[in-house]
Amino acid sequence: MNKSALITGITGQDGAYLAEFLLEKGYSVFGLHARRASDTLWRLRDLNILDQVQLIEGDLTDLSSLIRALNKSKALEVYNLGAQSFVATSWEQPILTAHATGMGALNLLEAIRLVNSDIRFYQASTSEMFGLIQEERQSETTPLYPRSPYGVSKVFAHWMTINYRESFEMHASSGILFNHESPLRGIEFVTRKVTDAVARIKQGSQKELRLGNIDVKRDWGFAGDYVEAMWLMLQQDGPDDYVIATGETTTVREMCNIAFNHVGLDYEEFVVIDPEFYRPAEVEILLGNPTKAEIQLGWKAKTKLHTLITMMVDADICRVESIK
């Protein structure tokens, strides 16, 4: 295989795993990279692929840089994983979130239309679009009711993808991914916040873990499994939208129990409920129905939650021990 792919958000969790996956498939992998003061390349280094990807400076909010990136990469597949993706931050920075997460997707769709409308496009949609759930199990036809600026911005991007698909006959697909985690997850996300705290509490450098509502339920999978589904969508004859999920839901409380129990600790002795971490509008439960992806893509989640969380705890223990 001698294809080129362009990934926005290549320095994030999903972008890094997708880059690794595509490199193994023989792709030339390009990544849109917005220059930042802090180190954003650590995930690519952790996977030992930094020297195998080609970074192109650009930003989703700048249409001209997207056009240049498409021309330079000559990509036949574009994966839009770039966004302001932390839900809590979207209430603090709703306008930035709308520009990067919502308008960013539109900018990229328009750039593809102008440069080469035959490029296959993947949009990273999210289960946060379901928000105040309208069905017990959420599928591709479940009505959307987002409960955060992030969710609203993703709905805009999702429907723009559908609109460009229908208006310009573009091969544009959306993956409605439910929560997916890994050792590469950002520390601001609850799963990684928990596993990092477990490692530090076990070491003795941290005494407690402060969390918000731990009785919310989420459908958690492994990001390394989910990037395969992204690729499979762009290999289909026609574009479509797919829910990517495990089909199982678990509380944050139980996730904490798994993480602490892995190192022989009782989570109830260390977890402190702090109202500061409650969302202004909470999404109480998310449970995906991945039947369509299983039937049409032949994709199924492989990694169970217990395996995922213990993998993350072990990785954080290694990190903590390395900086003693």
Side-chain angles (χ1 to χ4, degrees), residues 3-9 14-15 18 30 32 56 58-85 94-131 134 138-146 149-177 229-244 292-293 295-297 299:
K3 282 185 180 180
S4 291
L6 175 66
I7 303 171
T8 73
D14 293 6
L18 178 61
F30 294 81
L32 193 73
I56 301 174
D59 196 287
L60 284 168
T61 62
D62 178 18
L63 178 62
S64 62
S65 72
L66 299 179
I67 291 173
R68 285 194 297 271
L70 291 173
N71 284 325
K72 184 173 182 179
S73 65
K74 295 181 171 54
L76 298 177
E77 296 176 6
V78 172
Y79 297 84
N80 184 35
L81 312 184
Q84 190 303 100
S85 58
I95 297 172
L96 171 64
T97 301
H99 279 295
T101 306
M103 284 300 297
L106 175 55
N107 285 336
L108 190 50
L109 284 162
E110 183 65 4
I112 291 170
R113 187 183 73 84
L114 294 172
V115 172
N116 178 8
S117 61
D118 289 331
I119 292 172
R120 296 191 172 198
F121 175 78
Y122 170 83
Q123 168 59 23
S125 291
T126 171
S127 57
E128 288 287 333
M129 300 190 308
F130 294 119
Q134 305 298 294
Q138 297 87 58
S139 71
E140 296 79 8
T141 59
T142 300
L144 306 177
Y145 197 135
Y150 170 71
V152 172
S153 299
K154 279 291 191 178
V155 169
F156 174 86
H158 180 77
W159 276 104
M160 272 299 174
T161 301
I162 294 171
N163 186 258
Y164 269 65
R165 178 168 77 211
E166 295 177 349
S167 300
F168 304 113
E169 298 183 349
M170 291 169 56
H171 196 297
S173 297
S174 289
I176 308 172
L177 271 60
M230 302 176 188
W231 176 77
L232 284 168
M233 290 178 209
L234 298 199
Q235 311 317 306
Q236 305 306 302
D237 290 338
D240 210 338
D241 305 320
Y242 299 88
V243 162
I244 305 301
K292 181 177 176 180
I295 294 173
Q296 295 188 18
L297 301 180
W299 179 90

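Atom OG of Ser4 and atom CG of Leu76 lie 6.5 Å apart (nearest 0.5 Å). Here the CG-CG distance, from Leu109 to Asn80, works out to 7.5 Å after rounding to the nearest 0.5 Å. The CZ atom of Arg68 sits 6.0 Å away from atom CG of Asp62, with the distance rounded to the nearest 0.5 Å. A distance of 10.0 Å separates CD of Gln84 from NZ of Lys154, quoted to the nearest 0.5 Å. A distance of 8.5 Å separates CD1 of Ile244 from CG of Leu232, quoted to the nearest 0.5 Å. To the nearest 0.5 Å, atom CE of residue Met170 and atom CZ of residue Phe121 are 7.0 Å apart.
Remark: Phe130 pairs with Phe178 by the ring-ring contact (aromatic ring centres under 6.0 Å, His included) rule, at least two apart or across chains. Taking the side chain to side chain contact (heavy atoms under 4.5 Å, CB included) definition, one finds that Ala157 meets it with Ala105, Gln123, sequence neighbours left out. Applying the side-chain hydrogen bond (donor to acceptor under 3.5 Å, both in side chains) test to Thr101 and every residue at least two apart in sequence or in another chain returns nothing.
Annotation: side chain of Met230 is in contact with side chain of Leu177 (closest heavy-atom distance under 4.5 Å). Side chains of Phe156 and Met103 form a contact here, defined as non-hydrogen atoms less than 4.5 Å apart. No side-chain heavy atom of Tyr122 sits under 4.5 Å from any side-chain heavy atom of Trp231. Proximity of Asp59 to His99: side-chain heavy atoms (C-beta onward) are nowhere separated by under 4.5 Å. Contact annotation: the side chain of Thr126 approaches that of Tyr150 to within less than 4.5 Å [non-hydrogen atoms, C-beta and beyond]. The side-chain heavy atoms of Glu140 and Asp240, taken from C-beta on, include no pair separated by under 4.5 Å. Within the 4.5 Å cutoff, no side-chain heavy atoms of Val115 are placed close to those of Leu66.
Closest heavy-atom contact between Leu60 and Leu32: N-CD2, 4.1 Å. Contact record, Pro146 with Val155: CG-CG2, 3.9 Å, taken as the closest heavy-atom pair. The shortest non-hydrogen separation linking Ser73 to Leu6 is OG-CB, 4.1 Å. Taking every heavy atom of both residues into account, Ile119 and Ala75 meet most closely at CG1-O, 3.4 Å. The two residues Ala293 and Val243 make their nearest non-hydrogen contact at CB-O, 3.6 Å. Summarising the geometry of Ser65 relative to Gly58, their closest heavy-atom pair is OG-CA, 3.6 Å, with the distance given to 0.1 Å.
Here salt bridge (charged side-chain N to carboxylate O under 4.0 Å, His left out) pairs that include residues 96-109, with residues two or more places apart or in two chains, number zero. Within the structure, side chain to side chain donor-acceptor pair (under 3.5 Å) pairs that include any residue of residues 102-117 comprise Glu110-Arg113, Glu110-Tyr164 (at least two apart or interchain). Listed by first and then second residue, the salt bridge (charged side-chain N to carboxylate O under 4.0 Å, His left out) pairs involving residues 155-168 are Arg165-Asp241 (not counting sequence neighbours).
No donor-acceptor distance shorter than 3.5 angstrom exists from the side chain of Gln134 to the backbone of Leu144, with no hydrogens or angles considered. Between the side chain of Asn71 and the backbone N or O of Ile67 there is at least one donor-acceptor pair closer than 3.5 Å. Checking side-chain atoms of Arg120 against main-chain N and O of Ser173 turns up no donor-acceptor pair under 3.5 Å. Under the 3.5 Å distance criterion, the side-chain polar atoms of Thr8 are matched with a main-chain donor or acceptor of Gly82.
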What do the steps show when you test Glu77 against Lys3 for salt bridge (charged side-chain N to carboxylate O under 4.0 Å, His left out), and what is the final call? CA-CA 8 Å; Glu77 296 176 6; Lys3 282 185 180 180; 3.2 Å; yes
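The number of heavy atoms from other shown groups lying within 6.0 Å of CZ (Phe168) is above 12. A 6.0 Å sphere centred on CD of Glu169 holds no more than 12 heavy atoms belonging to other residues, nucleotides or ligands.
Between the side chains of Ser125 and His158, at least one donor N or O lies within less than 3.5 Å of an accepting N or O.
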